[in-house]
Amino acid sequence: MTKKTVCSIGILIWALGGSLIAQNSIVNTKHNLAFNSGTTIHAQTEPQVCVFCHTPHHAAVSAQLWNRSQPTTSYTLYSSDYLTSLSPAYPSTVQPGSKSKLCLSCHDGTIAIGTVLNLPGASLAGTITMANSVTTMPTGSAGDIGASLSDDHPVGIGYDTNSDPELVSRSWPWTSTVLLDPNTSSGKVECVTCHNPHNNTFAPFLQMSNANAGLCTFCHVKTDYSISVHRTSNMSYTPPGSSATSIGEWSCRACHKSHSGGGSPYNLKGVEQQSCYDGTGNGCHGQNAPPARRIETELAKTWSHPTNSINGVHKNKAGGESASELGSSNRHAECTDCHNPHQAQKGVGKNGRGNLRISATLKGVWGVEPTWPAPTTSTTNNDVVLSTPTTYTRVNTPVDEYQVCLKCHSGYVTLPAGKRDLAKEINPGYASYHGIVPGGTTNTYVSTTTTNAPWGANKRVWCSDCHGSDSPSSPEGPHGSNLNNSGPGTSNVDKMLIATIRSTASSMTPLCLVCHKSSSYVTGSNGSNFDRHDKDDHHVTEGCFACHMWDHAGTTLTTGGNSEKLFVHGMNKKYYWREGGTSLTAGTRVMADRFLSGYVSDVNFSARRCWTDELDNNRGCDIHAGGSGRTY
Amino acid sequence: MFHSSSTSRRLCLWAILLLFGAAQSHAQDAESRVWPAAPDTARIRYLGAIARGQDIGADRSFLEKLWDAIIGSETESDFFIQPVGIAVDDGGRIFVSDPGGSCIHMFDREEQEYMRITEGPDGLLGTPVGIAFADGRIYVTDALRKEVVVFDEDLDPEFSFPTGMSRPTGIASRESRIYITDTGEHVIGIFDLAGVRMSGFGQRGGEPGQFNYPLFLTFKRNLYVVDVLNHRIQVLDTAGASIRTFGTLGNVQGTFAAPKGIALDSDTNIYVVDALFDAFQIFDSGGRLLLVVGGSGSDPGSFQSPGGIWIDADNVIYVVDTLNKRVQMFQYLAKAQ
């Protein structure tokens with residue numbers, strides 16, 4: 001561009017001065033980099049506003065007194081497990097286009113802010129938070145800020161709805177202000193897709209308003225997000241440096257930050273679970289949240305899912321991780337293993353759940369459904385043979401809570417030493433059944449008379465009915481508990497229980513009494529089959545386990561080396577009790593399906609006779625044993 | 001023939017680099033890359049690049065090995081996030097500022113050690129940009145926190161001082177004075193070694209001695225400042241009086257589009273890195289263009305948005321290749337004595 005052309009443009013701009021100094025002109029923005037910005041533009045001596053980006057061609061070429069040559073190649077920038085796991089695979093990111101490189105020539109932290117911290121007042125230390133006081137980002141972790149731009153919204157990335165169905169479908173050319181560069185099906189997202197460097201009407205230099213995350217949702221559409229709790233909530237939320245709004249309005253931005261979020265990839269605000277905790281003072285699910293939402297402190301309790309302690313293992317693949325990515329040394333539990341933040345809906349809580357079998361907070365996560373072989377009887381005694389599922393089927397939309405839990409707590413994965421195979425324990429074909437899986441035996445004494453709401457006849461028992469927080473004001477769900485639970489027949493304490501299984505003669509076994517009414521089993525026998533539950537002689541230090549679930553004499557339920565003797569989830573052993581008769585052989589034999597721990601023979605309720613035998617040979621509980629039985 | 005100690009140390013360092021530079025796929029060919037190409041006299045030769053600690057033979061840190069043990073696999077570490085500034089001390093230790101990663105990378109080729117510094121004396125670093133050495137210490141400007149963080153030679157944070165500046169970036173030392181560029185206010189401040197501001201000069205404008213977003217600066221008797229958005233280099237005396245300015249805005253050789261780093265070799269040739277040209281340009285002390293080295297790309301000798309530059313006493317040129325996440329090194333082939 002010659003001096004004359006520069007002069008001409010200068011005059012032209014000056015002539016149009018009035019219309020240029022308009023509300024949305026670049027002249028009134030930070031992008032007016034001329035050193036005399038704000039004054040009338042004169043030709044010849046002063047630079048124009050445009051030249052800082054629209055570099056004019058310089059006609060006079062300086063001769064190099066020495067010489068040179070140059071080759072070229074390209075390289076990938078942004079990638080994530082999600083993109084590489086899509087089928088068909090998402091097209092690779094390419095080097096940023098010249099427009100993005102132009103932006104980056106100033107926005108690299110030198111001339112202008114680089115890792116664009118778009119929240120005034122937020123300190124960098126608060127943005128990148130680490131678990132366990134680790135101050136160096138563990139390399140290789142999912143949160144490790146890898147490639148230079150991978151913690152920013154990717155540029156140089158294409159728009160392929162065939163590969164990723166969670167992009168808004170469009171045909172080219174787009175007629176919006178948001179555009180790919182070039183505006184074709186092979187165009188890429190560049191800085192200019194979201195930003196208009198000339199116009200600051202929608203700060204910071206956005207192409208359109210981002211109220212209600214409108215700019216984000218121009219391209220991104222997540223399944224069922226519009227009905228999820230995070231989108232519909234009008235709970236107050238105050239982003240740092242911005243005025244108060246609601247979680248629903250702030251939407252995507254509550255968890256995602258387009259530039260340098262700290263949790264990479266996916267532009268999350270923090271590393272893995274830190275995005276859910278939010279150190280801003282709004283609390284979200286972090287330690288500053290009100291009790292009803294506070295998960296961070298639950299997960300810090302003595303017995304908890306290792307969300308806070310194991311980082312960098314989870315892979316966020318479309319369709320979920322494979323079994324091997326959940327097993328052995330890959331075992332982990334991120335928030336997103338059980339919760340899908342885009343699809344989760346508000347839970348109704350235990351009391352309001354009616355016949356519901358899985359909480360709405362678990363919407364959008366996958367689980368596994370086991371298939372057990374038909375039950376067979378042991379050849380040496382009357383027990384059902386312990387069996388593991390023959391197959392597991394992945395379920396994209398679980399209908400039962402246990403399906404989500406079993407994806408890690410069963411033989412679906414390779415269990416590390418000491419971890420139990422719960423699928424083996426909850427087999428509905430066993431003699432005694434705890435209502436976790438559909439299809440087990442019916443116990444007519446389980447009713448609304450003998451159990452507290454919401455349990456009762458034919459009601460499902462959820463894993464989280466027993467496994468969850470020890471505090472009633474905490475959210476439901478198996479996040480963490482401080483209760484120490486060593487009880488009869490068990491030395492392991494890490495069960496994350498809502499009430500203890502430590503039993504006493506006075507309070508019996510608190511965990512059982514969460515569901516099973518005290519008036520039926522402790523203070524009275526209302527509706528119970530055994531009308532002596534209330535007898536003081538039957539209130540012993542082992543609590544309910546004196547007669548139920550505890551395998552006093554027999555072999556242990558060995559699962560993965562665990563030496564537990566409590567059959568809480570289901571019991572394959574069958575003991576008999578008989579009505580009537582005076583000897584072990586007379587009378588009707590009925591299979592015990594009430595987790596009875598041994599033979600209770602010759603029970604005659606009307607004659608009030610109870611002949612215990614082999615209940616516990618060595619422990620002196622066989623008050624009623626002996627050749628002639630005993631009336632009482 | 002008697003080798004000077006610095007030459008033999010340099011040869012030793014490069015032997016180490018080449019030995020462990022196996023990650024460079026074009027190491028063999030790249031070694032012979034020179035500018036200008038034959039039959040012109042070669043002036044600049046490609047030496048190598050550093051992208052990660054292993055390139056200088058540094059073992060994985062204890063924390064990284066622990067992490068590998070936890071997750072059960074060995075992962076390739078990405079060291080640089082968005083590196084910009086560079087300085088090399090007399091012991092050959094390379095310091096790279098990384099505003100994207102909020103850290104300083106230190107590569108010690110002799111000890112084969114890599115270190116990442118993320119904290120100053122009072123918390124995590126914000127956006128470290130410029131690095132200078134003075135009085136046995138390392139001075140780092142933090143543009144976000146608007147302060148200078150000072151480390152001792154063992155790289156422990158010693159103290160920090162506020163600059164009172166809008167955006168401190170470039171930093172250079174001369175005798176017992178620290179010169180810091182305030183990019184946001186278009187001035188250069190002069191501080192003593194303790195961080196007390198003594199004086200300053202400059203204002204926004206287009207006249208000689210005035211600046212429009214100045215950035216990196218360096219000393220070679222005189223003060224050389226990259227006046228970025230005036231698209232020129234200014235040569236000033238220590239009080240800020242203009243000696244010479246050269247350069248114009250343009251998109252051809254000899255002009256500037258986005259000049260960033262500046263350094264001088266032993267023959268007072270001026271090297272200016274241009275982020276939009278993906279190259280560095282060499283001018284003689286009078287401002288005449290001598291050579292352009294680089295071009296867009298990721299192979300040895302090409303750049304993607306390069307930033308800072310440093311030339312050590314042996315005329316080894318270090319250029320921060322920002323978007324390629326590496327530091328590239330070249331040798332200025334000085335005229336025979």
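Naming: A, B, ... by sequence-line order, numbering from 1 per chain. Just so it is clear, the structure is predicted and the values come from calculations on it, not from any experiment. Heavy-atom basis, side chains included; hydrogens, waters and symmetry copies ignored.
- Between atom CG of residue Leu323(B) and atom CG of residue Leu104(A) there is a gap of 6.0 Å, rounded to the nearest 0.5 Å.
- Most heavy-atom pairs under 4.5 Å with chain A, from the set Asp284(B), Leu276(B), Val129(B): that is Leu276(B).
- For Asp278(B), the part lying under 4.5 angstrom from a heavy atom of chain A is the side chain only.
- In terms of heavy atoms, Ala258(B) sits closest to Ser105(A) at CB-CB, 4.0 Å.
- Residue contact with chain A, scored on non-hydrogen atoms closer than 4.5 Å, involves the side chain of Ile282(B) exclusively.
- For Cys53(A), the side-chain contact (heavy atoms from CB on, under 4.5 Å) partners at least two apart in sequence or on another chain are Leu102(A).
- His186(B) does not touch chain A: none of its heavy atoms, backbone or side chain, sits under 4.5 Å away.
- Within 6.0 Å of the CZ atom in Arg331(A), the count of heavy atoms belonging to other residues, nucleotides or ligands exceeds 12.
- Scanning both residues, Thr110(A) and Thr169(B), for their nearest heavy atoms gives O-CG2, 3.6 Å.
- Between Pro99(B) and Asp108(A), the shortest heavy-atom contact is CG-O, 3.6 Å.
- Considering every non-hydrogen atom in both Lys101(A) and Ser296(B), the closest pair reads NZ-OG, 4.1 Å.
- Closest non-hydrogen pair, Phe52(A) versus Leu229(B), comes out as CE2-O, 3.2 Å.
- Among the candidates Gly205(B), Ser305(B), Ala143(B), Gly130(B), the residue making the largest number of heavy-atom pairs closer than 4.5 Å to chain A is Gly205(B).
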